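Worksheet for the structure shown next.
Chain identifiers are assigned alphabetically (A, B, ...) following the order of the sequence lines, protein sequences preceding nucleic acid strands; residue numbering begins at 1 within each chain. Computed from a predicted structure; not experimentally measured.
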Number of protein chains: 2
Amino acid sequence: MRSKSSVLETAVLGLLNDSPLHGYELRKRLNLVLGSFRALSYGSLYPCLKSLVTRGLIVGAASNEAPPHALSGKRARIVYTLTADGKEHLQSVLASSGPAAWEDDSFDVRFAFFGQTDAETRIRILEGRRSRLNERLENVRDSSARTRERLDEYTLELQRHGLEQVEREVRWLDGLINTERDRRRARTAGVTPGASLTADAQPAAPDQINPYVVDDEGRDTDSKERG
Amino acid sequence: MRSKSSVLETAVLGLLNDSPLHGYELRKRLNLVLGSFRALSYGSLYPCLKSLVTRGLIVGAASNEAPPHALSGKRARIVYTLTADGKEHLQSVLASSGPAAWEDDSFDVRFAFFGQTDAETRIRILEGRRSRLNERLENVRDSSARTRERLDEYTLELQRHGLEQVEREVRWLDGLINTERDRRRARTAGVTPGASLTADAQPAAPDQINPYVVDDEGRDTDSKERG
DNA sequence: TTCGTCATGTAATGGGTTACATGATTAC
DNA sequence: GTAATCATGTAACCCATTACATGACGAA
């Protein structure tokens, strides 16, 4: 249950859970998920795959010909597949909903694999991220209130813009959380799913108390060194 | 003219150009500028200061008492000041407007010090960043067009949201560029400045050709490994 | 035949964090 | 007296990038 599982590892395992892939292809898909759209280097990917093999979470098999959807023989490449251990590990990672799941670096990956994540976990992560962002917003507004006047025009504008981006992300989360709740309600009522992810962000309960469970991943909420 | 000058170094020099500061205080201000609002660790800051001292760009002086605005004796701390070399170096960094100035990591710092930057350079950096983002947008839309159908709901939503954020930043840049141009026009006409940074983003010329000058910082535009 | 893309890797390097170590000063 | 904040630093480590090395395949 302990193993750190970096963002990259989670992403690799998550993708391989959909279908076996070789490194080169893996990288391309990774770029769509990781950080939005930035190139991950092979210098990170291959050592990561190596390590996963060593730990028995995936296996690599040289596949010379006839890939599933017989395109063309191409060339020898190593197709990686999840092992039973790997699947188990992935499930445990995907089941966690502590701070580690909603911090900047990991949230995106976790969100990208929401399709393989339990509905309650999804909600917990979304709410966790939202309160994390709100907390940050509060900090910035506080410190801004104290130092606003002695900041020049551009610094101020940069701050304003940053704040706005975060506020927008909070509203995005509001919408997603509402959608998830609607779905939950529909599920328990036994109705066919109707809610779409792109539903408008209803104003949501004005004061959402969110007693998120910090059950895993060590790492508690009150770390100093934040403001 | 060559020296790499990391983001952190630029930020430090830029802040010290306003007024001499000691490490602890420096860090707090750095956090407002760098990456928006994230804690920079002393483990990065102090070695950086050390290196700047070694290279003669700043000098540290133990200041035991009477800080400028006589608060209280506090305690021995090391107040850093820019040297002539340091000022010169900073000016040359601030004068550069190549790709290195508008990439993700450095753009924020450069923008934060626009108050100390030449107007033409400001425009060039803003335009450079905008075309960088547009280029990225194009790439994502292209690859999205090819793989859209086999992506699940959440991955798709993540991508949509990422795209939206970037589009928003482009509009932000549109506004800033217009403001800068207005100011330039006002300047050459000898009028008192009236344009505010928060002016609405006019639709801007529908197709802005931007022949940005890649004059410094090695690093050309057509690096592979991007899509 | 040469260029672009597919494909897999390693070594050096870089830029940061965390944890550690230390100690004075201030507020409760 | 004791906790929080001020203040400065070092050492170990992490995770990723860049540059390098290699080579096959398909298309121009």
How long is the line joining [atom1] of [X] and [atom2] of [N], in whole Å?
{"X": "A:Leu26", "N": "C:dC6", "atom1": "CG", "atom2": "P", "value": "15 Å"}
{"X": "A:Asp104", "N": "C:dG16", "atom1": "CG", "atom2": "P", "value": "17 Å"}
{"X": "A:Leu49", "N": "C:dA7", "atom1": "CG", "atom2": "C1'", "value": "13 Å"}
{"X": "B:Arg27", "N": "D:dC6", "atom1": "CZ", "atom2": "P", "value": "10 Å"}
{"X": "B:Leu34", "N": "C:dG16", "atom1": "CG", "atom2": "P", "value": "8 Å"}
{"X": "A:His22", "N": "D:dC25", "atom1": "NE2", "atom2": "C1'", "value": "14 Å"}
{"X": "A:Asp105", "N": "C:dG16", "atom1": "CG", "atom2": "C1'", "value": "13 Å"}
{"X": "A:Lys28", "N": "C:dT8", "atom1": "NZ", "atom2": "C1'", "value": "15 Å"}

Listed nucleotide nearest any side-chain atom of [X], set [options]:
{"X": "B:Ile78", "options": "D:dG9, C:dT18, C:dC6", "result": "D:dG9"}
{"X": "A:Arg77", "options": "C:dA7, D:dT8, C:dT17", "result": "C:dA7"}
{"X": "A:Leu40", "options": "C:dT18, D:dG9, D:dT17", "result": "D:dT17"}
{"X": "A:Tyr46", "options": "D:dG9, C:dG9, D:dT18", "result": "C:dG9"}
{"X": "B:Tyr80", "options": "D:dG9, D:dA7, C:dC6", "result": "D:dG9"}

| query | So, the side chain of B:Arg110 versus the backbone of B:Ser96: is there a donor-acceptor pair under 3.5 Å, distance only? | reply | yes
| A:Ser106 side chain to A:Trp102 backbone, donor-acceptor under 3.5 Å | no
| field | Residue pair B:Phe111 / B:Thr117, side-chain heavy-atom distance below 4.5 Å | value | no
| If we only count heavy atoms from C-beta on, is the B:Glu138 to B:Arg141 side-chain gap below 4.5 Å? | no
According to a strict under-4.0 Å criterion, is [X] in side-chain N/O contact with OP1 or OP2 of [N]?
{"X": "B:Lys50", "N": "D:dT8", "answer": "no"}
{"X": "B:Tyr42", "N": "D:dG9", "answer": "no"}
{"X": "A:Ser44", "N": "D:dC15", "answer": "no"}

| Under 3.5 Å, is there a donor-acceptor pair between the B:Ser51 and B:Thr54 side chains? | no
| task | Check every strand shown and say whether B:Gly43 touches a base, only sugar-phosphate, or nothing at a heavy-atom separation below 4.0 Å. | result | base
| field | Which residue lies more 5' along DNA chain D, comparing A:Leu8 with B:Glu25 via nearest heavy atoms | value | B:Glu25
